[in-house]
Amino acid sequence: MEDTVKTGSEVLMNTYGRIPVVFDRGEGVYLYDDKGNKYLDFVAGIAVNALGYNDEGLNNALSEQMKKLYHVSNLYYTKANVEAAKLLVDNSKLDRVFFCNSGAEATEAALKLSRLYAYKFKNKETKIIAMKNSFHGRTFGSITATGQLKYQKGLGPILPDVTHVDFMDYEALEKEARSGACGIILEPVQGEGGIRPATKEFLQKVRKLCDELDILLIFDEVQCGIGRTGYLFAYEYFDVVPDVVAMAKGLGGGFPIGAILVSEDKAKGFEPGNHASTFGGNALASTASKYVVNKILNEGILDNVKEQGEYLKSKLESLKEKYPFITDVRGVGLMLGMELEFPVADIINSALSKGLLLLNSGVNIIRFVPPLIVSKGDIDNCIEILDGILDEI
Ligand SMILES: *Cc1c(COP(=O)(O)O)cnc(C)c1O
């Protein structure tokens with residue numbers, strides 16, 4: 001309804017530059033607006049709706065839990081919460097979970113843990129090393145770790161003793177680490193920074209360095225985790241185990257939940273009183289996470305991500321052959337980027353008008369992060385629409 005857009009523009013804070021579309025419902029990989037228009041969704045709530053929309057099992061799990069209990073304080077246990085944590089622990093090489101509600105809270109918890117670990121068990125080092133071009137969230141700590149000045153403008157003074165090195169510049173990183181640091185945070189595949197995967201060699205070297213210096217290696221898998229690379233955790237794709245995995249986006253399949261997953265040794269940094277979240281991992285959110293992770297692990301979703309990721313990438317590469325203004329195609333699994341010589345905003349608008357939802361990453365890059373259940377036919381539809389738009393340029 002026009003009213004929703006009009007009223008929304010009056011009562012919501014002006015933080016997003018929203019597109020004037022009102023979504024009403026979703027089914028599988030499709031969204032429907034309030035006028036009944038159908039959209040093929042390659043945005044998935046920004047890599048959130050891992051199982052697409054209206055997943056019957058997720059709906060049932062949530063409504064069953066809803067009839068029993070939404071929330072109790074984290075001063076007590078719930079079965080749903082413990083089972084959600086156990087599932088992450090049992091399917092990773094890490095040992096303990098702290099639940100929160102978002103990606104920023106997850107990275108924030110990881111940054112606090114780095115400092116507390118050094119404060120308690122080392123020489124009270126405080127320096128956190130992050131990567132240029134990274135994105136870690138919008139709280140003061142996470143925005144400080146974020147290596148893009150545009151997000152920090154006007155917010156200073158931001159968190160002291162956070163430094164940035166070029167992504168994948170091992171020498172610069174080593175220099176900063178050896179002069180005293182408590183943690184290194186990086187995205188194994190940079191998301192907002194343009195869909196840029198790290199190399200395995202780089203991550204292995206950083207792992208060795210962190211072992212030697214006993215500092216926390218934090219992988220921010222908020223966007224690239226939970227199945228998106230074709231593995232439950234992105235660290236498995238790179239075969240490098242960090243001390244902390246921060247996750248959120250896909251974890252609840254659209255229900256808000258975030259978490260850090262931490263090694264036994266580094267988890268010692270938190271004791272009662274050091275960190276908390278009122279809502280973190282409440283019974284409903286935990287139920288969502290448990291369902292999503294179980295389904296990703298047990299119902300062929302990871303294989304689908306690998307298969308459709310390869311297929312989509314090959315299709316994007318064919319477009320690159322056809323159109324010389326496409327300069328690069330990159331990414332892992334169903335987290336892909338296509339870089340153009342010019343801004344992609346018009347292409348994304350044009351796709352919207354043709355019933356395809358696409359997202360940018362930076363100015364010149366189109367990002368593809370569809371639900372993990374996407375099929376070959378869906379990809380063909382997406383490519384057909386995109387090809388038609390590129391052809392008119
Ligand atoms: C989206 C994102 C965040 C922030 O998550 P929020 O839930 O918006 O706080 C942090 N890190 C990465 C890599 C992200 O993509």
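Because only heavy atoms are used, hydrogens play no part in the values below, and waters and symmetry mates are left out as well, while side chains stay in.
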*Does the pair K306 and E310 meet the rule for a salt bridge (Lys or Arg N to Asp or Glu O under 4.0 Å), with working shown?*
CA-CA 6 Å; K306 290 184 189 112; E310 283 299 312; over 6 Å; no
*asked:* Is there a side-chain contact (heavy atoms from CB on, under 4.5 Å) between V48 and K249? Walk through the geometry before answering.
replied: CA-CA 5 Å; V48 166; K249 289 194 166 90; 3.8 Å; yes
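For the ring pair (Phe, Tyr, Trp, His ring centres under 6.0 Å) test, no residue two or more places apart in sequence or in another chain qualifies with Y231. For F23, the ring pair (Phe, Tyr, Trp, His ring centres under 6.0 Å) partners at least two apart in sequence or on another chain are Y39. Every side-chain hydrogen bond (donor to acceptor under 3.5 Å, both in side chains) that Y323 has, sequence neighbours left out, goes to D387.
Judged by distance alone, with hydrogens and angles left aside, the side-chain atoms of S286 form a donor-acceptor pair with the main-chain N or O of G281 at under 3.5 Å. Judged purely by atom type and a 3.5 angstrom limit, N360 has no side-chain atom pairing as donor or acceptor with the backbone of V363. Judged by distance alone, with hydrogens and angles left aside, the side-chain atoms of Q65 form a donor-acceptor pair with the main-chain N or O of L69 at under 3.5 Å. Under a 3.5 Å cut-off, the side chain of S361 and the backbone N or O of E192 do form a donor-acceptor pair. Of the possible polar contacts, one joining the K122 side chain to the L213 backbone as a donor-acceptor pair under 3.5 Å is found. The backbone N or O of T126 sits less than 3.5 Å from a side-chain atom of R115, completing a donor-acceptor pair. Using modelled atom types, one side-chain atom of N304 and one backbone atom of L372 make a donor-acceptor pair closer than 3.5 Å.
A side chain to side chain contact (heavy atoms under 4.5 Å, CB included) with F219 holds for exactly one of V244, L186, I184; it is L186. The one candidate from V43, D378, V29 that meets the side chain to side chain contact (heavy atoms under 4.5 Å, CB included) condition with P371 is V29.
In this structure, L251 and V293 have side chains that are in contact, with non-hydrogen atoms separated by less than 4.5 Å.
For residues 153-196, no pair satisfies ring-ring contact (aromatic ring centres under 6.0 Å, His included), with sequence neighbours left out. The list of ring-ring contact (aromatic ring centres under 6.0 Å, His included) pairs with a residue in residues 109-135, not counting sequence neighbours, reads Y117-F121, F135-Y151. Note on residues 340-393: pairs passing ring-ring contact (aromatic ring centres under 6.0 Å, His included), not counting sequence neighbours, are F325-F342. Counting only residues at least two apart or in different chains, salt bridge (charged side-chain N to carboxylate O under 4.0 Å, His left out) contacts with residues 267-283 comprise K120-E271, D265-K268. Within the structure, ring-ring contact (aromatic ring centres under 6.0 Å, His included) pairs that include any residue of residues 275-320 comprise H71-F279, F98-H275, F270-H275 (at least two apart or interchain).
The two residues V292 and G252 have their closest heavy-atom pair at CG2-C, 3.7 Å. I215 and C182 get closest at one heavy-atom pair: CB-O, 3.6 Å. The two residues L173 and I129 make their nearest non-hydrogen contact at CD1-CG2, 3.5 Å. Shown here for L302 and G227, the closest heavy-atom pair between the two residues is CD2-CA, 3.7 Å. When all heavy atoms are compared, the tightest approach of I218 to S114 is CD1-OG, 3.3 Å. Contact between P256 and A285 at its shortest, heavy atoms only, is O-CB, 3.7 Å.
A salt bridge links D55 with K295: the distance from a Lys NZ or Arg NE/NH1/NH2 to an Asp or Glu carboxylate oxygen falls below 4.0 Å. Between K132 and D166 there is a salt bridge, with a side-chain nitrogen of the basic residue lying less than 4.0 Å from a carboxylate oxygen of the acidic one. One finds no salt bridge joining K376 and D380 here, because no Lys/Arg side-chain nitrogen approaches an Asp/Glu carboxylate oxygen to under 4.0 Å. No salt bridge links E108 with K112; every basic N to acidic carboxylate O contact stays at or beyond 4.0 Å. Checked for salt-bridge contact, E187 and R196 miss the test: no charged N lies under 4.0 Å from a carboxylate O. Between R178 and E212, at least one side-chain nitrogen of the basic residue sits less than 4.0 Å from a carboxylate oxygen of the acidic one, meeting the salt-bridge criterion.
Taken from CG in L116 to CG in L111, the straight-line distance is 11.0 Å, to the nearest 0.5 Å. Here the SG-CE distance, from C224 to M247, works out to 11.0 Å after rounding to the nearest 0.5 Å. Rounded to the nearest 0.5 Å, atoms CD1 (I128) and OG1 (T163) are 11.0 Å apart. How far CG of L356 is from CD1 of I347: 11.5 Å, rounded to the nearest 0.5 Å.
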Table please: side-chain donor-acceptor pairs of residues 232-239 below 3.5 Å, with sequence neighbours left out.
from	atom 1	to	atom 2	distance (Å)
Y235	OH	K93	N	2.8
E236	OE2	L232	N	3.4
E236	OE2	F233	N	2.8

Show me, pair by pair, the donor-acceptor contacts under 3.5 angstrom made by side chains of residues 331-339, not counting sequence neighbours?
from	atom 1	to	atom 2	distance (Å)
E339	OE1	R330	NH1	2.9
E339	OE1	R330	NH2	3.0

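Residues N101 and S277 bring a donor and an acceptor atom of their side chains to less than 3.5 Å of each other.
Annotation for Y77: hydrophobic cluster partners, listed by chain and number, are V82 (ILVMFWY side-chain heavy atoms under 4.5 Å, direct or chained). The hydrophobic cluster containing V11, built from Ile/Leu/Val/Met/Phe/Trp/Tyr side-chain heavy atoms closer than 4.5 Å, also comprises L12.
For E264, the CD atom counts as densely surrounded, since its 6.0 Å shell holds more than 12 non-hydrogen atoms of other residues, nucleotides or ligands.
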